[in-house]
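Report on the structure given below.
For the single chain, residues carry numbers from 1 onward in sequence order. For ligands, and for the atoms within them, numbers begin at 1 and follow the listed sequence.
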Amino acid sequence: MKAHCLCNAVRIETGEYREAGACHCGMCRRWGGGPLLAVHCGSAVTITGEEHLRAYRSSDWAERAFCSQCGSHLYYRFLPTGEYIIPAGLFEAGTALDFRSEIFIDHKPAYYDFANNTEKLTEAEVLAQYAPQ
Ligand SMILES: [Zn+2]
Ligand SMILES: [Zn+2]
């Protein structure tokens, strides 16, 4: 699948990953101004125009990248596995996605709700699922 930032300086190519999810955590909402709608794209991702990319180390386990020219958010990267979580809106028009899950649902503020029928996980459920075994 192909994605790019607003100014086209950074282009991303991924495998076929059609499941989109939302993260309602406070960091994602502060980063983007709203919940992060994104696609887990594994670790095999090709980035063109990397010289325009800046990464912010948002925690001990993750970084968040953006385009230094246009400010588009490019990915959240989970460092222990190298997995890229790419904002759904970066993918080219017509990319069919299926909105399946919402995480950190217990951090969602009361002023919005998605009507989609999704699997909803609390922070505790997410940590239990992703904590190193
Ligand atoms: Zn850009
Ligand atoms: Zn989040």
Are [Y] and [X] connected into the same hydrophobic cluster when the rule is that any two of I, L, V, M, F, W, Y join if their side-chain heavy atoms are below 4.5 Å apart?
X	Y	value
Tyr17	Val45	yes
Tyr84	Met1	yes
Trp61	Ile85	yes

Legend entry - Contact flag Cys23/the Zn ion (ligand 2), N/O/S atoms, threshold under 2.8 Å: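 Checking the Zn ion (ligand 2) against Cys23, an N, O or S atom does fall under 2.8 Å.
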
Legend entry - cation_pi(Lys108, Phe104) dist<6.0 Å, angle<=45: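 Judged by the rule, Lys108 and Phe104 form no cation-pi pair.
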
Legend entry - Stepwise side-chain hydrogen bond (donor to acceptor under 3.5 Å, both in side chains) check, Arg64 with Ser58: CA-CA 6 Å; Arg64 295 171 189 255; Ser58 55; 3.1 Å; yes

Inset, instruction - Under 2.8 Å from the Zn ion (ligand 1), how many protein N/O/S atoms do you get? Just the number, please. - result: 4

Legend entry - Angular separation of SG (Cys28) and SG (Cys25) seen from the Zn ion (ligand 2), to 10°: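 Once rounded, the angle between the two atoms at the Zn ion (ligand 2) is 110°.
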
Legend entry - Audit row: His24, Glu102, side-chain hydrogen bond (donor to acceptor under 3.5 Å, both in side chains) steps and yes/no: CA-CA 7 Å; His24 300 286; Glu102 296 180 61; 2.7 Å; yes

Legend entry - Close aromatic pair by centroid cut-off 6.0 Å: Phe99 and Phe114: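 Aromatic pair counts; centres sit under 6.0 Å.
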
